[in-house]
Amino acid sequence: MAKTAKIPVGILGATGMVGQRFIQLLERHPWFEVAWVAASERSFGKSYEEAAKWKMKTPIPRRIASMQLSAAEPKGAPKVIFAALDADIAREMEPAFADAGCAVISNSSAFRMHPQVPLVIPEINADHLKLIELQSWRRESGGFMVTNSNCSVMGLAIALAPLQKAFGIESVFAVTMQAISGAGYPGVASMDILGNVVPYIKNEEEKMQEEAGKLLGKLKGREIVPAEFAISAHCNRVAVEDGHTESISIKLKKRATSEKIIAAWREYRGMVYDLKLPFAPADPIFYDERPDRPQPRLDIERGHGMTVSCGRLRPCSLLDWKFTMLSHNTIRGAAGAALLNAELLKARGFLG
Ligand code: NAP
(Lines give C-alpha, C1' and ligand atoms only; values in the text may rest on other atoms or scores of the structure.)
Protein backbone atom coordinates (compact mmCIF):
# COMPACT_ATOMS: atom_id res chain seq x y z
CA MET A 1 0.00 0.00 0.00
CA ALA A 2 1.36 3.48 -0.90
CA LYS A 3 2.53 5.59 2.05
CA THR A 4 0.40 8.72 2.57
CA ALA A 5 2.45 11.89 2.04
CA LYS A 6 3.13 13.88 5.20
CA ILE A 7 1.77 17.41 5.58
CA PRO A 8 4.56 19.98 5.04
CA VAL A 9 4.86 22.38 7.98
CA GLY A 10 6.87 25.52 8.66
CA ILE A 11 8.35 26.82 11.90
CA LEU A 12 8.48 30.54 12.56
CA GLY A 13 11.05 31.30 15.24
CA ALA A 14 12.68 27.94 14.46
CA THR A 15 16.02 28.81 16.09
CA GLY A 16 14.67 29.67 19.58
CA MET A 17 14.02 27.39 22.57
CA VAL A 18 10.51 26.46 21.47
CA GLY A 19 11.50 26.36 17.79
CA GLN A 20 14.26 23.87 18.58
CA ARG A 21 11.82 21.72 20.52
CA PHE A 22 9.52 21.69 17.45
CA ILE A 23 12.42 20.50 15.29
CA GLN A 24 13.19 17.75 17.79
CA LEU A 25 9.58 16.59 18.28
CA LEU A 26 8.74 16.67 14.57
CA GLU A 27 11.75 14.58 13.54
CA ARG A 28 9.81 11.33 13.27
CA HIS A 29 6.26 12.61 13.32
CA PRO A 30 3.91 10.31 11.39
CA TRP A 31 1.76 13.12 9.90
CA PHE A 32 3.91 16.26 9.64
CA GLU A 33 7.26 17.05 8.06
CA VAL A 34 9.32 20.22 8.51
CA ALA A 35 9.60 21.83 5.07
CA TRP A 36 10.45 25.44 5.95
CA VAL A 37 12.19 27.23 8.81
CA ALA A 38 12.36 30.96 9.45
CA ALA A 39 13.62 33.26 12.20
CA SER A 40 14.87 36.86 12.41
CA GLU A 41 16.89 38.74 9.81
CA ARG A 42 19.99 37.75 11.80
CA SER A 43 19.43 34.13 10.79
CA PHE A 44 18.06 34.64 7.26
CA GLY A 45 20.02 32.77 4.58
CA LYS A 46 22.16 30.78 7.07
CA SER A 47 21.93 27.00 7.42
CA TYR A 48 19.90 25.91 10.45
CA GLU A 49 22.99 24.47 12.09
CA GLU A 50 24.82 27.76 11.72
CA ALA A 51 21.93 29.94 12.91
CA ALA A 52 20.61 27.96 15.91
CA LYS A 53 22.47 27.63 19.20
CA TRP A 54 21.17 24.06 19.55
CA LYS A 55 20.31 23.23 23.18
CA MET A 56 18.34 19.99 22.83
CA LYS A 57 19.84 16.79 24.24
CA THR A 58 19.47 14.95 20.91
CA PRO A 59 21.50 15.93 17.82
CA ILE A 60 20.05 18.31 15.21
CA PRO A 61 18.25 16.08 12.69
CA ARG A 62 20.62 15.84 9.71
CA ARG A 63 18.01 16.94 7.15
CA ILE A 64 17.28 20.09 9.17
CA ALA A 65 20.92 20.99 9.94
CA SER A 66 21.57 21.92 6.31
CA MET A 67 18.16 23.53 5.70
CA GLN A 68 18.41 27.23 4.87
CA LEU A 69 16.54 29.79 7.01
CA SER A 70 13.87 31.51 4.88
CA ALA A 71 12.61 35.06 5.25
CA ALA A 72 9.83 35.25 7.86
CA GLU A 73 7.08 36.04 5.36
CA PRO A 74 4.20 34.00 3.93
CA LYS A 75 5.53 33.89 0.35
CA GLY A 76 6.85 30.37 -0.23
CA ALA A 77 5.83 29.16 3.26
CA PRO A 78 3.78 25.96 3.75
CA LYS A 79 0.10 26.24 4.72
CA VAL A 80 0.64 24.92 8.26
CA ILE A 81 2.81 27.14 10.45
CA PHE A 82 4.00 26.47 13.99
CA ALA A 83 4.82 29.91 15.41
CA ALA A 84 7.31 30.36 18.27
CA LEU A 85 7.81 34.12 18.27
CA ASP A 86 7.94 36.70 21.03
CA ALA A 87 4.53 38.28 21.52
CA ASP A 88 5.48 41.70 20.10
CA ILE A 89 6.68 40.16 16.85
CA ALA A 90 3.84 37.63 16.75
CA ARG A 91 1.29 40.43 17.00
CA GLU A 92 2.44 41.75 13.61
CA MET A 93 3.55 38.57 11.91
CA GLU A 94 1.00 35.88 12.75
CA PRO A 95 -1.99 37.72 11.19
CA ALA A 96 0.03 38.14 7.97
CA PHE A 97 0.34 34.35 7.71
CA ALA A 98 -3.34 33.79 8.57
CA ASP A 99 -4.24 36.43 5.95
CA ALA A 100 -2.23 34.46 3.41
CA GLY A 101 -4.32 31.33 4.06
CA CYS A 102 -2.06 29.59 6.61
CA ALA A 103 -3.16 27.65 9.66
CA VAL A 104 -1.15 29.45 12.36
CA ILE A 105 -0.61 27.34 15.47
CA SER A 106 0.84 29.83 17.89
CA ASN A 107 2.78 29.68 21.15
CA SER A 108 2.81 33.36 21.91
CA SER A 109 0.48 35.33 24.16
CA ALA A 110 -0.37 37.86 21.41
CA PHE A 111 -3.78 36.42 20.46
CA ARG A 112 -4.54 33.99 23.31
CA MET A 113 -7.26 36.19 24.77
CA HIS A 114 -8.71 37.31 21.39
CA PRO A 115 -12.43 36.41 21.54
CA GLN A 116 -12.36 34.51 18.22
CA VAL A 117 -9.06 32.71 18.73
CA PRO A 118 -9.32 29.38 20.52
CA LEU A 119 -6.91 28.80 23.41
CA VAL A 120 -6.75 25.04 23.28
CA ILE A 121 -5.63 22.12 25.40
CA PRO A 122 -7.19 19.21 23.47
CA GLU A 123 -7.98 17.13 26.56
CA ILE A 124 -9.87 20.02 28.17
CA ASN A 125 -11.55 22.11 25.51
CA ALA A 126 -11.25 20.59 22.02
CA ASP A 127 -14.75 21.96 21.31
CA HIS A 128 -13.37 25.54 21.49
CA LEU A 129 -11.95 24.97 17.97
CA LYS A 130 -15.40 25.96 16.69
CA LEU A 131 -14.32 29.58 17.21
CA ILE A 132 -12.15 29.21 14.11
CA GLU A 133 -15.24 29.48 11.92
CA LEU A 134 -15.85 33.00 13.31
CA GLN A 135 -12.42 34.32 12.30
CA SER A 136 -12.29 36.80 9.42
CA TRP A 137 -9.09 35.11 8.14
CA ARG A 138 -11.04 31.87 7.77
CA ARG A 139 -13.77 33.53 5.74
CA GLU A 140 -11.45 35.57 3.56
CA SER A 141 -8.42 33.34 2.87
CA GLY A 142 -9.14 30.02 4.57
CA GLY A 143 -6.34 30.78 7.07
CA PHE A 144 -6.90 30.80 10.81
CA MET A 145 -5.21 31.00 14.18
CA VAL A 146 -5.15 28.63 17.17
CA THR A 147 -3.09 29.19 20.32
CA ASN A 148 -1.80 27.18 23.23
CA SER A 149 -1.54 28.57 26.71
CA ASN A 150 1.25 30.04 28.78
CA CYS A 151 3.56 27.27 30.03
CA SER A 152 2.86 27.80 33.73
CA VAL A 153 -0.94 27.66 33.40
CA MET A 154 -0.86 24.62 31.09
CA GLY A 155 -0.06 22.03 33.79
CA LEU A 156 -2.25 23.83 36.31
CA ALA A 157 -5.28 23.78 34.00
CA ILE A 158 -4.78 20.08 33.24
CA ALA A 159 -4.56 19.24 36.96
CA LEU A 160 -7.68 21.32 37.67
CA ALA A 161 -9.83 20.03 34.78
CA PRO A 162 -10.93 16.72 36.34
CA LEU A 163 -11.47 18.41 39.73
CA GLN A 164 -13.60 21.10 38.14
CA LYS A 165 -15.74 18.40 36.51
CA ALA A 166 -16.08 16.21 39.61
CA PHE A 167 -16.33 18.78 42.41
CA GLY A 168 -16.40 22.32 41.00
CA ILE A 169 -13.67 24.82 41.91
CA GLU A 170 -14.13 27.87 44.07
CA SER A 171 -10.58 29.20 44.38
CA VAL A 172 -6.99 28.41 43.47
CA PHE A 173 -3.71 29.64 44.93
CA ALA A 174 -0.56 28.71 42.99
CA VAL A 175 3.12 29.39 43.62
CA THR A 176 5.38 28.56 40.67
CA MET A 177 9.05 27.55 40.49
CA GLN A 178 9.73 28.07 36.79
CA ALA A 179 12.65 26.73 34.78
CA ILE A 180 15.10 29.04 33.01
CA SER A 181 14.32 27.53 29.57
CA GLY A 182 10.93 29.21 29.99
CA ALA A 183 12.64 32.55 29.39
CA GLY A 184 13.87 31.55 25.92
CA TYR A 185 17.53 31.72 24.89
CA PRO A 186 19.78 33.19 26.30
CA GLY A 187 17.05 34.05 28.82
CA VAL A 188 18.07 34.95 32.36
CA ALA A 189 21.75 35.85 32.82
CA SER A 190 23.67 33.17 34.76
CA MET A 191 24.82 35.84 37.27
CA ASP A 192 21.16 36.54 38.07
CA ILE A 193 19.92 32.97 38.48
CA LEU A 194 22.80 30.80 39.77
CA GLY A 195 22.17 30.01 43.45
CA ASN A 196 19.19 32.34 43.33
CA VAL A 197 15.42 32.71 43.03
CA VAL A 198 13.95 35.62 41.07
CA PRO A 199 10.47 36.43 42.40
CA TYR A 200 9.30 38.19 39.25
CA ILE A 201 8.44 37.09 35.70
CA LYS A 202 6.97 39.95 33.70
CA ASN A 203 3.19 39.57 33.05
CA GLU A 204 3.29 35.88 34.05
CA GLU A 205 0.89 36.09 37.00
CA GLU A 206 -1.63 38.04 34.93
CA LYS A 207 -1.40 35.51 32.08
CA MET A 208 -1.92 32.57 34.43
CA GLN A 209 -4.94 34.19 36.01
CA GLU A 210 -6.75 35.22 32.83
CA GLU A 211 -5.85 32.19 30.69
CA ALA A 212 -7.05 29.70 33.34
CA GLY A 213 -10.57 31.11 33.04
CA LYS A 214 -10.63 30.85 29.23
CA LEU A 215 -9.08 27.35 29.16
CA LEU A 216 -11.58 25.95 31.64
CA GLY A 217 -14.45 28.06 30.31
CA LYS A 218 -17.44 26.87 28.28
CA LEU A 219 -18.23 27.54 24.64
CA LYS A 220 -21.72 29.08 24.62
CA GLY A 221 -22.94 30.08 21.16
CA ARG A 222 -20.28 32.33 19.66
CA GLU A 223 -18.19 32.97 22.77
CA ILE A 224 -16.24 31.41 25.59
CA VAL A 225 -17.74 32.05 29.01
CA PRO A 226 -14.75 31.96 31.38
CA ALA A 227 -14.75 29.52 34.30
CA GLU A 228 -15.66 31.40 37.44
CA PHE A 229 -13.20 30.78 40.22
CA ALA A 230 -10.84 33.07 42.06
CA ILE A 231 -7.19 32.47 41.26
CA SER A 232 -4.05 34.01 42.66
CA ALA A 233 -0.60 33.15 41.27
CA HIS A 234 2.91 33.92 42.53
CA CYS A 235 5.54 33.33 39.84
CA ASN A 236 9.23 32.67 40.54
CA ARG A 237 12.17 31.83 38.28
CA VAL A 238 14.48 29.16 39.75
CA ALA A 239 17.78 27.62 38.66
CA VAL A 240 16.22 24.56 36.99
CA GLU A 241 16.86 23.83 33.31
CA ASP A 242 13.46 22.42 32.24
CA GLY A 243 10.18 21.87 34.09
CA HIS A 244 7.83 24.16 35.96
CA THR A 245 6.96 22.97 39.49
CA GLU A 246 3.97 24.50 41.28
CA SER A 247 2.67 24.38 44.86
CA ILE A 248 -1.10 24.62 44.54
CA SER A 249 -3.94 25.04 47.05
CA ILE A 250 -7.59 24.68 46.01
CA LYS A 251 -11.03 25.21 47.48
CA LEU A 252 -13.67 22.95 45.93
CA LYS A 253 -17.42 23.53 45.62
CA LYS A 254 -18.34 19.99 46.72
CA ARG A 255 -16.77 17.98 49.51
CA ALA A 256 -14.08 15.58 48.35
CA THR A 257 -11.77 13.02 49.89
CA SER A 258 -8.13 12.54 48.90
CA GLU A 259 -9.06 9.14 47.42
CA LYS A 260 -11.69 10.75 45.21
CA ILE A 261 -9.35 13.51 44.05
CA ILE A 262 -6.58 11.05 43.20
CA ALA A 263 -9.10 8.81 41.41
CA ALA A 264 -10.35 11.80 39.38
CA TRP A 265 -6.76 12.52 38.27
CA ARG A 266 -5.96 8.89 37.51
CA GLU A 267 -9.16 8.26 35.57
CA TYR A 268 -8.93 11.48 33.58
CA ARG A 269 -8.63 10.88 29.84
CA GLY A 270 -9.96 14.16 28.47
CA MET A 271 -11.95 14.95 25.35
CA VAL A 272 -9.72 13.49 22.65
CA TYR A 273 -8.66 10.12 24.04
CA ASP A 274 -10.67 8.20 21.45
CA LEU A 275 -8.91 9.99 18.58
CA LYS A 276 -5.61 8.27 19.51
CA LEU A 277 -3.62 11.34 18.45
CA PRO A 278 0.06 10.38 18.00
CA PHE A 279 1.42 12.88 20.55
CA ALA A 280 -1.34 12.49 23.16
CA PRO A 281 0.02 10.88 26.33
CA ALA A 282 -1.64 7.67 27.53
CA ASP A 283 -2.08 9.37 30.92
CA PRO A 284 -2.60 13.16 30.83
CA ILE A 285 -2.06 13.17 34.62
CA PHE A 286 0.10 10.86 36.75
CA TYR A 287 -0.34 10.88 40.52
CA ASP A 288 2.90 9.97 42.30
CA GLU A 289 2.50 8.42 45.78
CA ARG A 290 6.13 9.00 46.76
CA PRO A 291 6.40 11.71 49.44
CA ASP A 292 9.22 13.64 47.72
CA ARG A 293 7.89 13.65 44.14
CA PRO A 294 7.39 15.02 41.52
CA GLN A 295 10.80 16.57 40.91
CA PRO A 296 11.85 18.24 37.64
CA ARG A 297 15.12 16.37 37.17
CA LEU A 298 13.52 12.96 37.75
CA ASP A 299 9.96 13.23 36.47
CA ILE A 300 9.87 15.73 33.63
CA GLU A 301 10.08 13.22 30.76
CA ARG A 302 7.01 11.22 31.81
CA GLY A 303 4.72 10.57 28.83
CA HIS A 304 7.42 11.94 26.47
CA GLY A 305 7.11 15.26 28.33
CA MET A 306 3.32 15.45 27.87
CA THR A 307 2.12 13.93 31.16
CA VAL A 308 1.49 16.33 34.04
CA SER A 309 2.75 14.90 37.35
CA CYS A 310 0.90 15.58 40.61
CA GLY A 311 1.90 14.53 44.11
CA ARG A 312 1.79 15.37 47.82
CA LEU A 313 -1.99 15.80 48.00
CA ARG A 314 -2.87 16.75 51.58
CA PRO A 315 -5.36 18.92 53.49
CA CYS A 316 -4.75 22.67 53.41
CA SER A 317 -5.56 24.74 56.49
CA LEU A 318 -6.40 27.83 54.40
CA LEU A 319 -8.27 26.31 51.44
CA ASP A 320 -9.38 22.63 51.23
CA TRP A 321 -6.47 20.76 49.62
CA LYS A 322 -2.89 21.35 48.53
CA PHE A 323 -0.59 19.47 46.17
CA THR A 324 2.53 19.72 43.99
CA MET A 325 2.33 19.75 40.19
CA LEU A 326 5.12 19.47 37.61
CA SER A 327 4.92 19.93 33.83
CA HIS A 328 7.47 20.23 31.03
CA ASN A 329 7.48 23.86 29.95
CA THR A 330 8.85 23.51 26.41
CA ILE A 331 7.00 20.23 25.62
CA ARG A 332 3.60 20.12 27.40
CA GLY A 333 3.79 23.88 27.90
CA ALA A 334 4.81 24.86 24.34
CA ALA A 335 5.93 22.81 21.31
CA GLY A 336 4.28 19.54 22.36
CA ALA A 337 1.06 21.40 23.14
CA ALA A 338 1.08 23.05 19.70
CA LEU A 339 1.83 19.71 18.06
CA LEU A 340 -1.12 18.11 19.83
CA ASN A 341 -3.29 21.04 18.71
CA ALA A 342 -2.13 20.46 15.12
CA GLU A 343 -2.99 16.76 15.38
CA LEU A 344 -6.43 17.65 16.68
CA LEU A 345 -6.88 20.15 13.81
CA LYS A 346 -5.97 17.45 11.31
CA ALA A 347 -8.26 14.90 12.94
CA ARG A 348 -11.12 17.43 12.79
CA GLY A 349 -10.49 18.21 9.10
CA PHE A 350 -9.11 21.75 9.54
CA LEU A 351 -5.83 21.01 7.75
CA GLY A 352 -7.43 19.90 4.47
P1 NAP B 1 13.47 32.53 22.04
O2 NAP B 1 14.32 31.40 22.47
O3 NAP B 1 13.88 33.92 22.40
O4 NAP B 1 13.28 32.45 20.43
C5 NAP B 1 12.70 33.48 19.68
C6 NAP B 1 12.67 33.11 18.20
O7 NAP B 1 12.07 34.20 17.47
C8 NAP B 1 14.05 32.89 17.58
O9 NAP B 1 13.95 31.89 16.58
C10 NAP B 1 14.32 34.23 16.91
O11 NAP B 1 15.20 34.15 15.81
C12 NAP B 1 12.93 34.58 16.41
N13 NAP B 1 12.79 36.01 16.09
C14 NAP B 1 13.19 37.06 16.83
N15 NAP B 1 12.89 38.21 16.19
C16 NAP B 1 12.28 37.85 15.03
C17 NAP B 1 11.74 38.59 13.94
N18 NAP B 1 11.75 39.93 13.91
N19 NAP B 1 11.18 37.89 12.91
C20 NAP B 1 11.15 36.55 12.92
N21 NAP B 1 11.67 35.79 13.93
C22 NAP B 1 12.22 36.45 14.97
O23 NAP B 1 11.98 32.39 22.61
P24 NAP B 1 11.17 31.04 23.02
O25 NAP B 1 11.40 30.68 24.43
O26 NAP B 1 11.41 30.00 21.97
O27 NAP B 1 9.67 31.55 22.96
C28 NAP B 1 8.95 31.75 21.76
C29 NAP B 1 7.50 32.08 22.10
O30 NAP B 1 6.93 30.96 22.78
C31 NAP B 1 7.33 33.29 23.05
O32 NAP B 1 6.16 33.99 22.72
C33 NAP B 1 7.18 32.63 24.41
O34 NAP B 1 6.48 33.44 25.32
C35 NAP B 1 6.40 31.39 24.05
N36 NAP B 1 6.52 30.28 25.00
C37 NAP B 1 7.76 29.89 25.45
C38 NAP B 1 7.85 28.83 26.35
C39 NAP B 1 9.17 28.33 26.89
O40 NAP B 1 9.14 27.47 27.81
N41 NAP B 1 10.32 28.81 26.41
C42 NAP B 1 6.68 28.18 26.77
C43 NAP B 1 5.44 28.61 26.29
C44 NAP B 1 5.39 29.65 25.39
P45 NAP B 1 16.81 34.47 15.87
O46 NAP B 1 17.47 33.23 16.40
O47 NAP B 1 17.14 34.72 14.44
O48 NAP B 1 16.97 35.65 16.75
Side-chain angles (χ1 to χ4, degrees), residues 10-25 34 36-56 64 67-74 77 81-97 104-113 119-121 145 147-157 176-188 201-204 206-208 211 215 235 237-238 240-245 296 300 305 326-341:
I11 305 173
L12 254 179
T15 52
M17 286 315 294
V18 177
Q20 293 186 19
R21 194 59 88 178
F22 274 124
I23 301 277
Q24 184 195 49
L25 298 182
V34 178
W36 180 93
V37 285
S40 76
E41 280 179 8
R42 293 180 289 280
S43 303
F44 172 62
K46 293 181 183 166
S47 71
Y48 186 81
E49 189 169 35
E50 204 186 337
K53 291 189 176 66
W54 185 254
K55 297 292 167 204
M56 300 296 108
I64 306 296
M67 197 177 268
Q68 204 177 41
L69 269 295
S70 298
E73 55 189 37
I81 296 291
F82 290 108
L85 300 167
D86 284 336
D88 289 345
I89 299 155
R91 207 163 283 122
E92 302 291 320
M93 209 168 264
E94 290 178 350
F97 281 80
V104 179
I105 302 157
S106 168
N107 269 280
S108 93
S109 60
F111 292 93
R112 285 183 195 145
M113 297 309 291
L119 177 61
V120 177
I121 298 177
M145 204 183 292
T147 57
N148 48 261
S149 78
N150 168 279
C151 46
S152 48
V153 77
M154 180 78 68
L156 174 67
T176 73
M177 291 153 271
Q178 298 183 220
I180 45 177
S181 61
Y185 188 80
V188 191
I201 303 173
K202 193 175 173 199
N203 297 333
E204 194 80 351
E206 294 80 355
K207 284 185 208 166
M208 279 187 79
E211 290 177 25
L215 286 165
C235 294
R237 186 76 68 198
V238 298
V240 163
E241 190 183 351
D242 286 316
H244 292 351
T245 308
I300 201 65
L326 168 74
S327 71
H328 198 307
N329 54 296
T330 61
I331 302 183
R332 180 86 243 196
L339 192 46
L340 194 57
N341 283 351

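Nothing fancy with the numbering, it's 1 onward along the sequence. For ligands, and for the atoms within them, numbers begin at 1 and follow the listed sequence. Every heavy atom of this structure was used, including side-chain atoms; hydrogens, water molecules and symmetry mates were not.
The shortest N/O to N/O separation between Arg112 and ligand 1 does not fall below 3.5 Å. Between Tyr185 and ligand 1, a contact under 3.5 Å exists for at least one N or O pair. Taking distance alone, with nitrogen or oxygen atoms compared against 3.5 Å, Asn150 stays at or beyond that limit from ligand 1. The shortest N or O to N or O distance between Ser149 and ligand 1 is not under 3.5 Å. Geometrically, ligand 1 and Met93 share no nitrogen or oxygen pair separated by less than 3.5 Å. Checking only distances, Ala72 never comes within under 3.5 Å of ligand 1, N or O to N or O. For ligand 1, the polar-atom distance check against Asn329 finds a nitrogen or oxygen pair separated by under 3.5 Å.
Distances from atom 17 (C) of ligand 1 to the heavy atoms of Ile180, Asp242, Ile89 show the closest one on Ile89. Of the candidates Ser43, Ala84, Ala39, Gly19, the one placing a heavy atom closest to atom 6 (C) of ligand 1 is Ala84. Closest to atom 31 (C) of ligand 1 by heavy atom, among Asn107, Leu85, Leu69, Thr147, is Leu85.
Contact annotation for atom 8 (C) of ligand 1: protein present (non-hydrogen atoms, distance under 4.0 Å). Inside a 4.0 Å radius of atom 40 (O) of ligand 1 there is at least one protein heavy atom.
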### Pair Val153-Lys207, side chain to side chain contact (heavy atoms under 4.5 Å, CB included): steps then yes or no
CA-CA 8 Å; Val153 77; Lys207 284 185 208 166; over 6 Å; no
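Under the 3.5 Å distance criterion, with hydrogens and angles disregarded, no donor-acceptor pair is assigned to the side chains of Ser327 and Arg332.
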